[in-house]
Amino acid sequence: MNPWFESLPSGHRWSSLWYGLVLCGCGAIRKPEVCKVCNGKISSEPVVIEVAPGRFERILPAMMGAEGRYEDYLYLELIEREWKRPVASSAAGLLQNTSISERASVVMLFWTYFEGRIERLVRLGLATVPEALREDVLAKYASVGSRMDRLYKLIFGTTYFNDLRAVGCANMVDFLGEVQARRNEFTHGKPSAINDLLAAQVVRQLRDEHFAWIEVFNHRVKALG
Ligand SMILES: [Zn+2]
């Protein structure tokens with residue numbers, strides 16, 4: 001089966017995974033047509049408002065993008081660039097005579113992007129906590145592993161992997177567990193743990209992982225609501 005990015009409309013970058021998704025008033029990430037959490041509709045009909053005495057203008061309702069921050073777009077485009085750039089094959093210095101993948105950076109970028117979205121989830125659960133307490137907790141549980149597991153359990157009573165199973169995305173658990181384990185091996189003295197195969201798996205799973213995370217995000221918004 002062809003990977004998802006080969007059927008993107010022409011001119012669409014990988015960051016287009018965020019296209020057409022907006023933040024609902026209830027906090028969920030939704031398509032404009034329907035919100036699966038609150039069932040609310042967003043009208044795309046222009047509204048007429050009086051901008052000055054006797055002066056009326058038709059305004060399109062504004063919708064907030066669903067991405068957490070500008071970096072969410074950036075990471076997807078960086079991953080795309082790293083995947084598409086020609087292989088250098090001119091490894092020198094430390095990279096000589098190693099089996100480190102030419103695409104190792106794809107995996108590292110993906111993992112940083114993933115860490116950012118796990119932080120967004122735990123921040124969602126801590127949104128009503130005083131800021132100083134929130135920041136202190138996040139500093140204490142600084143690693144993504146502890147945030148997906150212990151901190152997640154403290155906030156939501158379960159783990160991120162269990163949430164993936166709960167929303168029907170159990171297939172993501174093995175994939176993410178493997179990336180996490182290999183990335184840990186990489187940073188603890190076994191650089192060959194990240195190979196070409198893992199990089200290829202990451203780009204193939206990127207879209208499904210993106211939507212699985214959104215399912216969990218909405219599942220949490222619903223539970224908090
Ligand atoms: Zn909603």
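Whatever order the structure lists ligands and atoms in, that order sets their numbers, starting from 1. Count residues from 1 along the sequence.
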Undergrad: Is the side chain of R103 donor-acceptor paired with the backbone N or O of E82 at a distance under 3.5 Å, no angle test?
TA: yes
Undergrad: Nearest heavy-atom pair of L126 and I155: which atoms, and what distance?
TA: CG-CD1, 3.6 Å
Undergrad: Quick one: does R30's side chain have a donor or acceptor within less than 3.5 Å of a partner on G40's backbone?
TA: yes
Undergrad: Measure across H210 and L17 and return the closest heavy-atom pair with its distance rounded to 0.1 Å.
TA: NE2-O, 3.0 Å
Undergrad: For the Zn ion (ligand 1), which protein N/O/S atoms are closer than 2.8 Å?
TA: C24 SG, C26 SG, C35 SG, C38 SG
Undergrad: With a 3.5 Å distance limit and no angle check, can you tell me whether T159 reaches the backbone of N162 through a side-chain donor-acceptor pair?
TA: yes
Undergrad: Taking all non-hydrogen atoms of both residues into account, name the closest pair between A193 and F186 and its distance.
TA: CB-N, 4.1 Å
